[in-house]
Amino acid sequence: QVQLAESGGGLVQAGGSLRLSCAASGRTFSNYAMGWFRQAPGKEREFVSTISWTGRVKYYVDSVKGRFTISRDNAKNTVYLQMDSLKPEDTAVYYCAADAYGSGSRYSAEYEYWGQGTQVTVSS
């Protein structure tokens, strides 16, 4: 089992920045690809970004490319999502997830473990 706990969400004005953290405990974090997803009110959960277990391979949804950066620190069992130039449409609950068997995916069904989420609200 892997337990994931997100933090760093909050209220920010458009154009501002936030850094989300996802701390993992349990089994070996460094073996897992990690992903960030988000869910806005009334919408389905959507893929935001993923990072391979080595940290070398990263993917982003088009809407956040150039604004968000995913990274990980395997020594601290933590994955991060640096969010810059935030827009009101980035408002959502953000979830981190762990993929035990793959190299990172944009499909939520491929992630075995999920955190509880952290709210990000961007005001205009």
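Taken from SG in C22 to CG in N77, the straight-line distance is 10.0 Å, to the nearest 0.5 Å. Considering CG of L11 and CD of Q13, their distance stands at 8.0 Å, rounded to 0.5 Å. Rounding to the nearest 0.5 angstrom, the gap separating the OG1 atom in T54 from the CG atom in N31 is 11.5 Å. Taken to the nearest 0.5 Å, the CG atom of D99 stands 13.5 Å off from the CH2 atom of W53. The distance from atom CD1 of I70 to atom SG of C96, rounded to the nearest 0.5 Å, is 9.5 Å. Here the straight-line distance linking atom OH of Y80 with atom OG of S7 works out to 9.0 Å at 0.5 Å rounding.
The shortest heavy-atom contact between A33 and S103 is CB-C, 3.5 Å. When all heavy atoms of A92 and A40 are compared, the closest pair comes out as CB-N, 3.8 Å. Of all non-hydrogen atoms in R38 and S63, the two that sit nearest each other are NH2-OG, 3.5 Å. Across all their heavy atoms, W36 and L20 have their closest contact at CH2-CB, 3.7 Å. Of all the heavy atoms in G55 and K58, the pair that sits closest is O-CE, 3.3 Å. Across all their heavy atoms, D84 and Q82 have their closest contact at OD1-NE2, 2.9 Å.
Residues M83 and R67 are not in side-chain contact: their nearest non-hydrogen atoms beyond the backbone lie 4.5 Å or more apart. Residues W114 and R45 form a side-chain contact, since some pair of their non-hydrogen atoms from C-beta on lies under 4.5 Å apart.
Put simply, the side chain of E6 gets close to the backbone of Q116: a donor and an acceptor are under 3.5 Å apart. Under the 3.5 Å distance criterion, the side-chain polar atoms of T121 are left unmatched by any main-chain donor or acceptor of T91. One N or O on the side chain of T50 and one on the backbone of M34 form a donor-acceptor pair closer than 3.5 Å.
Residues Y101 and V79 fall into different hydrophobic clusters, defined by Ile, Leu, Val, Met, Phe, Trp and Tyr side chains chained together at heavy-atom separations under 4.5 Å. No continuous path of ILVMFWY side-chain contacts below 4.5 Å connects Y107 to Y111, so the two sit in separate hydrophobic clusters.
In summary, the aromatic rings of F47 and Y59 are positioned with their centroids too far apart to meet the 6.0 Å limit.
Partners of E110 according to the salt bridge (charged side-chain N to carboxylate O under 4.0 Å, His left out) rule, which considers only residues two or more places apart in sequence or in another chain, do not exist here. Checked against side-chain hydrogen bond (donor to acceptor under 3.5 Å, both in side chains), E89 has no partners two or more places apart in sequence or in another chain.
Taking the six-membered ring for Trp and thresholds of 30 and 60 degrees, Y94 and F68 have ring planes inclined between 30 and 60 degrees apart.
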Carefully, step by step, assess L81 and R19 under the rule side chain to side chain contact (heavy atoms under 4.5 Å, CB included). CA-CA 6 Å; L81 186 68; R19 188 175 83 153; over 6 Å; no

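Remark: D90 does not engage K87 in a salt bridge, criterion side-chain N to carboxylate O under 4.0 Å.
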